[in-house]
Amino acid sequence: MTKMSIGAAFSETFAFLKANWQQMLLWVGGALVVVGLLGYLFLGSTFSAMALAPNDPSLVMGAFGKIFLFALIAAVILYGVSMLIWRGGLHPGEAPNFAWAFQAGPAFAFGMFVVMVAAYILVFIVMFILTLIFGAALGGMGALSPSALESGAAGAVGGGAIFLMIILYIAVIVFMLWVQARFSVAGPVMADRLTRNPVTGLGESWRLTGASQWAIVGFYLLFTIGIFIYALIAGMIFGGILGAIAGGSVVGAILTMIVMAAAVYLPMIMISFSMPIGIYRALAPRASGDVFA
């Protein structure tokens, strides 16, 4: 088990992105085009009908069904593409295995869904227990009643409760980042081993990340901050320039959306696909220089 440094994860992430950006652009761009066309075909007429008859419950129920089906198909496509990208980057020159990718991708997505649901249930249980404990300590809801809040002591209790809620909120965020860190390389493991079994990926990810779990949390946190700053600055620059040129026209709005997608969202998606591989290569550096050359 290799102990990862944040610098190594950054280095491997950008090395993978540099070596595979053309392939990623092809797969991700193609997937987004397909998903966009499917979204238009599935949902375009539905939203138009709902706009004409907003109070028709049958249209609403039908819309929910179509949205769920579209989301399922989009997930299969995007997660299948992610498997193709990871497998192609780890084993360059190998022919794309579409049959495996579009089975392994949804299996990976389902495994992560189960993990995240379990994590949220655990958070709910802990929050419920803490609510019971602190509620009893504060004398039940009476300590926060309107009459009690008129006193200075109750104000202090209210301030302490707010502070406690902030601490718990931060703790929940840290816990979810930790869960993401522990299972961050499940997808690359499945791609590297050409397996469709998400349990294999999740179990191996848990093992590999054990010695570096907090370094991975820090890596994700720094990357999230960096991506947020980039998206904010790029959005202000491109949005301002195109808004001034377009002058509020419909064509200008569409052009703005296309440029923003190409300049902001597409790079963010490509980086998000590169991060798990960067962590995986930093944890299991088996000739990563040859792979990403």
Side-chain angles (χ1 to χ4, degrees), residues 1-2 4 8-32 34-35 73-116 179-210 212-213 216 219-220 223 266-293:
M1 186 184 301
T2 303
M4 186 199 83
F10 271 102
S11 177
E12 294 287 359
T13 296
F14 285 108
F16 179 83
L17 184 61
K18 179 182 177 181
N20 297 277
W21 70 270
Q22 291 177 321
Q23 180 190 25
M24 294 175 68
L25 189 63
L26 175 65
W27 289 122
V28 175
L32 291 178
V34 172
V35 169
I73 295 174
V76 170
I77 293 173
L78 292 175
Y79 279 100
V81 164
S82 69
M83 285 295 173
L84 288 172
I85 291 172
W86 292 335
R87 180 68 184 180
L90 290 169
H91 299 273
E94 183 178 279
N97 190 333
F98 293 99
W100 163 80
F102 287 99
Q103 295 176 55
F108 166 65
F110 178 74
M112 289 301 300
F113 174 76
V114 172
V115 167
M116 297 309 292
V179 172
Q180 184 179 7
R182 295 308 306 267
F183 298 105
S184 58
V185 298
V189 167
M190 293 177 65
D192 196 13
R193 299 188 178 187
L194 205 64
T195 179
R196 300 175 179 84
N197 186 359
V199 177
T200 300
L202 295 170
E204 185 65 9
S205 178
W206 184 270
R207 186 188 70 83
L208 287 173
T209 58
S212 307
Q213 49 193 295
I216 300 173
F219 171 70
Y220 269 118
F223 235 126
L266 186 57
M268 289 171 59
I269 293 174
M270 293 171 64
I271 291 174
S272 68
F273 281 153
S274 301
M275 290 169 62
I277 287 288
I279 297 171
Y280 182 56
R281 298 307 307 178
L283 292 171
R286 291 175 287 116
S288 60
D290 296 335
V291 172
F292 297 156

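This structure is a prediction, so every number in the text was calculated from the model and none was measured.
I77 is listed as a side-chain neighbour of I73, based on a closest heavy-atom distance under 4.5 Å. Contact of the W27 side chain with the P96 side chain is registered, since non-hydrogen atoms from C-beta on lie closer than 4.5 Å. Residues R281 and F16 have side chains not in contact (no heavy-atom distance under 4.5 Å, counting atoms from C-beta outward). Side-chain contact between V185 and I216: absent, with no pair of heavy atoms (C-beta onward) separated by less than 4.5 Å.
Within a 6.0 Å radius of CZ in F110, other residues, nucleotides and ligands contribute 12 heavy atoms or fewer.
Across every non-hydrogen atom of G89 and N20, the tightest pair is CA-OD1, 3.5 Å. Here the closest heavy-atom approach between residue S184 and residue Y220 is recorded as CB-OH, 3.3 Å. Nearest heavy atoms, V81 versus V28: CG1-N, 4.2 Å. Of all heavy-atom pairs spanning V189 and T200, the tightest one is CG1-O, 4.3 Å. The two atoms that bring G210 and R182 nearest to each other are CA-NH2, 3.5 Å, heavy atoms only. Of all heavy-atom pairs between E12 and G278, the closest is CB-O, 3.4 Å.
In this pair, Y79 and F108 present their aromatic rings perpendicular. The plane angle is above 60°, beyond the 30 to 60° band. Between F14 and F10, the angle of the ring planes stays under 30°, which puts this pair in the parallel group of the 30/60° scheme.
In terms of modelled atom types and a separation under 3.5 Å, the side chain of S272 and the main chain of I269 share a donor-acceptor contact. A donor-acceptor pair under 3.5 Å links the side-chain atoms of T209 to the main chain of S205, judged by distance alone. Formation of a donor-acceptor pair under 3.5 Å by the W100 side chain with backbone atoms of A191 is not found in this model.
For the atom pair CD1 (I277) and CD1 (I85), the distance works out to 10.0 Å, reported to the nearest 0.5 Å. Rounding to the nearest 0.5 Å places OG of S274 at 13.0 Å from CH2 of W21. Annotation: the span from E204 atom CD to Y280 atom OH amounts to 7.0 Å, rounded to 0.5 Å. With rounding to the nearest 0.5 Å, the separation of CG in L194 from CD in E94 is 6.5 Å. The distance from atom CG of N97 to atom CZ of F102, rounded to the nearest 0.5 Å, is 10.5 Å. A distance of 10.5 Å separates CE in M190 from CD in Q103, rounded to the nearest 0.5 Å.
Residue T195 is tested with N197, D192, V199 for a side-chain contact (heavy atoms from CB on, under 4.5 Å); the sole match is N197.
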